[in-house]
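Read the structure below first, then the notes.
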Amino acid sequence: MIILALESTITCTFYGCFGYPETTAYEVVDAIIEIIFLIDIILNFFTQYTDENETMPIRDPTKIALRYCKKMFLLDFVATFPFRHIVQD
């Protein structure tokens, strides 16, 4: 995931400076990376965590989803949302 995040950061900067390339290969690679990040968001709704006050891992899906929504979901969603497909020049 770290390598994909680094690649995404570099390509977004490149695209911002020089424009988005119109070749199919770039579109396919970007789509695959977006799908991987989307899968990561979905998996975060089911990943157990250890609460600060307890020593046992929390496995309740409702607690896991609420914690993820409160802490990281908005950041992950904004980072993954394909704005370039919605907003055209």
Just do the side chain to side chain contact (heavy atoms under 4.5 Å, CB included) check on Leu6 and Ile10 with the steps written out, would you?
-> CA-CA 6 Å; Leu6 181 63; Ile10 292 170; 4.0 Å; yes

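More than 12 non-hydrogen atoms from other residues, nucleotides or ligands lie less than 6.0 angstrom from CZ of Phe81. By the neighbour-count criterion of 12 heavy atoms within 6.0 Å, atom CG of Leu43 is densely surrounded, having more than that number from other residues, nucleotides or ligands.
Tyr15 is listed as a side-chain neighbour of Pro21, based on a closest heavy-atom distance under 4.5 Å. Annotation: side chain of Ile35 is in contact with side chain of Ile39 (closest heavy-atom distance under 4.5 Å). With contacts defined as side-chain heavy-atom distances shorter than 4.5 Å, the pair Lys63/Ile58 qualifies.
Here the closest non-hydrogen pair linking Asn44 and Ile64 is O-CG2, 3.8 Å.
Aromatic ring centroids of Tyr49 and Tyr68 lie 6.0 Å or more apart.
To the nearest 0.5 Å, atom CG of residue Leu75 and atom CD1 of residue Ile41 are 9.5 Å apart. With rounding to the nearest 0.5 angstrom, the CG atom of Leu4 is 9.5 Å from the CG atom of Asp40. Interatomic distance, CD of Glu27 versus CD of Glu34, reported as 10.5 Å (0.5 Å rounding). The line from CZ of Arg67 to CG of Asp51 is 7.5 Å long, rounded to the nearest 0.5 Å. Separation of atoms CD1 (Ile33) and CG (Leu38) is listed at 14.0 Å; rounding is to 0.5 Å. Taking CD1 from Ile42 and CZ from Phe37, the interatomic distance works out to 14.0 Å, rounded to the nearest 0.5 Å.
Tracing side-chain contacts under 4.5 Å through hydrophobic residues (I, L, V, M, F, W, Y), one never reaches Leu66 starting from Met56; they form parts of separate clusters. Residues Tyr26 and Phe18 fall within the same hydrophobic cluster, defined by Ile, Leu, Val, Met, Phe, Trp and Tyr side chains chained together at heavy-atom separations under 4.5 Å.
Checking side-chain atoms of Thr11 against main-chain N and O of Ser8 turns up a donor-acceptor pair under 3.5 Å.
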